[in-house]
Amino acid sequence: MSDPFDDFPGFEPAAPRAGGGIAACALAAMHGGAPDFLSALNPEQRAAVETTEGPVLVLAGAGTGKTRVLTARIAHILAQGLARPHQILAVTFTNKAAREMRERIGALIGGEAEGMAWLGTFHAISTKILRRHAELAGLKSNFTILDTDDQIRLLKQVLRAENIDEKRWTARTLAFLIDNWKNRGLSPKTVPAGEAGAFANGKGGALYALYQERLKILNAADFGDLLLETLRVFRENPDVLREYQGRFKYLLVDEYQDTNAVQYLWLRLLAQRQAGAANEITPAQKPNLCCVGDDDQSIYGWRGADVDNILRFEKDFPGAKVIRLERNYRSTGHILAAAAHLIAHNRDRLGKTLFTDGEDGEKPEVSGVWDSEEEARVIGEEIEQLQRKGHSLDQVAILVRASFQMREFEERFITLGLPYKVIGGPRFYERLEIRDALAYLRCTAQPADDLAFERIVNTPKRGLGEASLQIVHDHARRQRIPLMQAARILIETEELKPKQRSTFRALLSDFDRWASQIGQKPHHELAEQILEESGYTDFWKQDKSAEAEGRLENLKELVRSMEEFPDLGAFLEHVSLVMDADAADGGERVSIMTLHGAKGLEFETVFLPGWEEGLFPHQRSLDENGRAGLEEERRLAYVGVTRARRRAKIYFATNRRIHGLWQTTTPSRFLDDLPAAHVQVTENRASGSGYGAYAQSRFANMDAFGSRYDTPGWKRAQQNGPGGRAPRTIEGEVLGKSSPGSAFSPGDRVFHLKFGPGAVAAVDGSKLTIDFDKAGRKLVLDSFVEKKSS
DNA sequence: TTTAGAGGTATTTTT
DNA sequence: TACCTCTAAA
């Protein structure tokens, strides 16, 4: 967010300013000639832009000009004088999307886009609202926003205080649970009893409540709170809600298929414009709500996104207009046909069929390779060939299902000298050194920030270990004061050892000195000084490991990036919401990223490796979510294929190393979902074992889900593995030896390297519940146990 | 307080 | 296999 601290613009519409882009556009409209941004649209897009009143759902297929519609719609609303910039609420999921939208609106209508104070992510907008009304949520308006790391540290404290065995019940698991509840709009009070009891023998709900209490004491909110607490403020304070309902004349939501329950509720409340007391939308008060999305590209279900939100839109908002954008401007005919055929296998969808007037182009190509190493080699060769033909590497991407697949490509490309970039690697602000540096800044600017203080109190090592910190902790807890304040008191007593006492004293006086300079000298210079004087820079300078240099470089980059912000506070706000920094990149590079990361992007040529059962669709998705999981995986495949403009190349390997073990794999069932007429199957020399004929595989005529992944081949692939490393021989041996269908079944006697002998109690895919003779009941993977013939 | 080794685990990721 | 986290010993 670019303007976290700006003031609320007044409610009264500002007088139109002369000379701006708006006036010019409006003028053009009046004279009959539509402004450029309208005339460039096709009829459906234009309808989506011009249907400004009432609820509208725009189902925008991949590559149909979704962003163009959204931005044109906003430009249109402004140009028509239907609303002022600050009366439009435009919500996105990522900062990147928000930034892009702002830029594109700016390009259409000029500087007026600057006035769009309410264009941002759900989280950024919620933060803005929550800061305004913090006291209604039990916070102060300068509350800190905790990231996942802080959150887990805090949860650990809660668990420890409650004497809960952290091995059995990890903070991570609890964080996951709480996040889940928050995503669904549940407060500690409203968590269903059954679920609350699922953690730590029934303490889940209580722990959630305790955690929330701790957050309030710390004057902090986690990401989930930003939405949930705002929702609470709205619900408990009708006057506040009404204020915002009245303010937003037009609401727009991007990627609506990705909304979760809280976001939906949040939106729904805001959309009920001055509705009466009841939760009803009377016809006269239909909200001017425009949601844009694509149910076929919903790939974040595991994160709480609820496809139902988009599937239900017409019921939720009676009288809604649904506009389908199906004309694709991105891909050639064969690619589109392949993608359409693939996604048609999903049941839960609203149904769209993309088409293009363009040429058919090249058919997507499917090739089998022996293993992942060959996969990387073949793809590397293909890319070099493209390069020789003059294709830009910027237009080439490799989209993988899981990030471990990236490594093989990186290694191959390094030996080839092929420039590449990995997108979606570790984020700038999540790096260790950056988080440490930020903790120093947070402590300086917000002395009550306990989590930041804890983080750096002994970084670099200064002899303030767990023992002395515990003393400070105890005191802080007893007095209900922040850690730093507690330390301040304790250094005047005998409770700490003399050495630690003087170290604390020195550290605190450092912070005092730095704090006194806030506002006195430019904040980026202050930051540099803090890092220098605290010994943090030296700490890395002395580190001789390979990364140290890069880390110092990152610290410099951090200081540099601070210059763009007006003050320290603004910078910290930016960081907590935008865990993202633009990396400048020079030169053309092949992009390597996950399928998830590729959503919204497009490339001339797309390589899609790893289309094998177990990896894609991912076994875990299948195990945990059954058909819904499979359909989400298929949507992911659809997203992958539709990223390609001209060339899509799909690969499956016969052997893949998973967790260090070689496994024989089965080609992905998604290959069977591709239409033969639009796909080119390449018989690769390496796929010798006849997998090239997958098109007529046993899956082809099966319609019942469920029977598909317990076929003999699949089971064999699952069992394969222990006992060797040379893939080629393993393949022969295992295929020869193992009798098909020899999966574990309840009652089998087994032997586990660590737990010893036991009996299988239950089988769940590759997961076995085993009653061990000595170690008791455990859940283990079948690849870790050996079957004993009894 | 630090560090070496054991143990456990193993998608996807934004805010 | 490979990584990360936590525990036990110096």
Side-chain angles (χ1 to χ4, degrees), chain A residues 1 91-98 120-127 145-148 151-152 156 166-167 170-172 179 182-183 221-228 255 258-260 262-263 299-305 399-407 423-427 429-430 432 458 460-469 497 499-500 503 574-580 593-599 610 614-625 629 632-633 635-636 639-640 657-663 721-722 725 753-755 766-767 778-781 783-784:
Chain A
M1 203 164 113
V91 205
T92 64
F93 276 83
T94 64
N95 292 295
K96 193 175 152 215
T121 63
F122 274 104
H123 294 268
I125 290 170
S126 285
T127 304
I145 300 168
L146 302 189
D147 62 24
T148 322
Q151 192 187 6
I152 287 183
K156 271 186 187 152
E166 286 175 68
K167 274 178 234 142
T170 65
R172 210 163 262 290
D179 266 353
K182 288 185 175 176
N183 282 158
D222 63 19
F223 284 124
D225 281 342
L226 295 177
L227 285 153
L228 190 55
E255 306 278 15
D258 288 339
T259 46
N260 62 31
V262 218
Q263 286 157 345
I299 54 175
Y300 285 109
W302 49 275
R303 213 161 69 184
L399 310 182
V400 299
R401 172 67 246 264
S403 40
F404 77 82
Q405 293 172 263
M406 293 178 179
R407 188 131 116 208
I423 296 181
R427 266 162 232 303
Y429 289 117
E430 274 167 18
L432 177 87
N458 201 29
K461 306 265 185 280
R462 42 171 81 87
L464 297 176
E466 219 171 301
S468 27
L469 191 61
K497 295 202 194 95
K499 207 184 224 158
Q500 274 81 357
T503 314
H574 167 86
V575 170
S576 50
L577 283 172
V578 187
M579 299 290 281
D580 184 19
M593 63 182 108
T594 62
L595 287 159
H596 284 92
K599 192 164 99 167
L615 176 59
F616 191 37
H618 201 283
Q619 187 60 31
R620 195 145 162 186
S621 199
L622 263 28
D623 287 347
E624 287 171 8
N625 296 304
E632 182 155 314
E633 295 282 304
R635 290 194 289 267
L636 204 47
V639 167
R657 210 158 78 162
I658 297 165
H659 306 174
L661 299 169
W662 282 98
Q663 312 252 211
R725 41 210 63 209
L753 232 48
K754 189 152 49 63
F755 301 133
S766 58
K767 287 179 290 192
K778 305 258 182 214
L779 190 63
V780 298
L781 283 178
S783 51
F784 289 97

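Note that these values count all heavy atoms, side chains included, but never hydrogens, waters or copies made by symmetry. Throughout, protein chains are lettered first and strands after them, A, B, ... in sequence-line order, and every chain is numbered starting at 1.
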In whole Å, I'd like the distance from the [atom1] atom of [X] to the [atom2] atom of [N].
{"X": "A/Leu432", "N": "C/dC3", "atom1": "CG", "atom2": "P", "answer": "16 Å"}
{"X": "A/Gln151", "N": "B/dT13", "atom1": "CD", "atom2": "C1'", "answer": "14 Å"}
{"X": "A/Lys499", "N": "B/dT1", "atom1": "NZ", "atom2": "P", "answer": "10 Å"}
{"X": "A/Asn95", "N": "B/dT13", "atom1": "CG", "atom2": "P", "answer": "17 Å"}
{"X": "A/Asp623", "N": "B/dT12", "atom1": "CG", "atom2": "P", "answer": "16 Å"}
{"X": "A/Asp147", "N": "B/dT13", "atom1": "CG", "atom2": "C1'", "answer": "14 Å"}
{"X": "A/Asn625", "N": "B/dT12", "atom1": "CG", "atom2": "P", "answer": "16 Å"}
{"X": "A/Asn260", "N": "B/dT13", "atom1": "CG", "atom2": "P", "answer": "18 Å"}

- Item | Aromatic plane relationship, A/Tyr300 with A/His596 - under 30° parallel, 30 to 60° tilted, over 60° perpendicular | tilted

Which is true for [X] with a 4.0 Å heavy-atom rule: it touches a base, it touches only sugar-phosphate, or it touches nothing?
{"X": "A/Asp258", "result": "nothing"}
{"X": "A/Ile152", "result": "nothing"}
{"X": "A/Gly424", "result": "nothing"}
{"X": "A/Glu633", "result": "base"}

As a test of reading the structure: which of [options] is closest to the side chain of [X], going by heavy atoms?
{"X": "A/Arg303", "options": "B/dT13, B/dT2, B/dT15", "result": "B/dT13"}
{"X": "A/Arg657", "options": "B/dT15, B/dT11, C/dT1", "result": "C/dT1"}
{"X": "A/Thr594", "options": "B/dT15, B/dT12, B/dT2", "result": "B/dT12"}
{"X": "A/His618", "options": "B/dT1, B/dT15, B/dT11", "result": "B/dT11"}
{"X": "A/Phe223", "options": "B/dT15, B/dT12, B/dA10", "result": "B/dT15"}
{"X": "A/His596", "options": "B/dT13, B/dT11, B/dT15", "result": "B/dT13"}
{"X": "A/Arg407", "options": "B/dT12, B/dT2, C/dA2", "result": "C/dA2"}

For nucleotides C/dC6 and B/dT11, find the distance between their C1' atoms and express it as a whole number of Å. 24 Å

Discussion item. Distance check, C1' atoms only: B/dT12 and C/dT5, in whole angstrom units.
Written reply: 23 Å

Verify stack between A/Trp302 ring and B/dT12 base, 5.5 Å, 30 degrees: yes

Minimum heavy-atom distance [X]-[Y], with the two atoms named:
{"X": "A/Leu399", "Y": "A/Ala598", "result": "CD2-CB, 3.7 Å"}
{"X": "A/Trp302", "Y": "A/Glu632", "result": "CD1-OE2, 3.1 Å"}
{"X": "A/Leu595", "Y": "A/Gly640", "result": "CD2-CA, 3.6 Å"}
{"X": "A/His618", "Y": "A/Glu633", "result": "N-OE1, 2.8 Å"}
{"X": "A/Ala98", "Y": "A/Gly120", "result": "CB-CA, 4.0 Å"}
{"X": "A/Ala124", "Y": "A/Leu577", "result": "CA-CD1, 3.9 Å"}

Could you list all N or O pairs between the protein and nucleotides 4-7 of chain C that sit under 3.5 Å apart?
| unit_1 | atom_1 | unit_2 | atom_2 | d |
| --- | --- | --- | --- | --- |
| C/dC6 | OP1 | A/Lys156 | NZ | 3.3 |

Open item on the list: Does B/dT15 have its OP1 or OP2 closer than 4.0 Å to a side-chain nitrogen or oxygen of A/Asn183?
Closed with: no

* OP1 or OP2 of B/dT12 sitting under 4.0 Å from any side-chain N/O of A/Ser403? -> yes

Given the 90°-from-0 boundary between syn and anti, B/dT11 should be labelled syn

From the list A/Asp225, A/Asp222, A/Leu226, side chain to side chain contact (heavy atoms under 4.5 Å, CB included) partner of A/Ile145 resolves to A/Leu226

Main-chain N/O of A/Leu464 paired to A/Asn458 side chain as donor or acceptor, under 3.5 Å: yes

The answer to which of A/Leu464 and A/Ile299 contacts DNA chain B further toward the 5' end, by nearest nucleotide, is A/Leu464

Ranking A/His123 and A/Gln500 by the position along DNA chain B of their nearest nucleotide, the one closer to 5' is A/Gln500

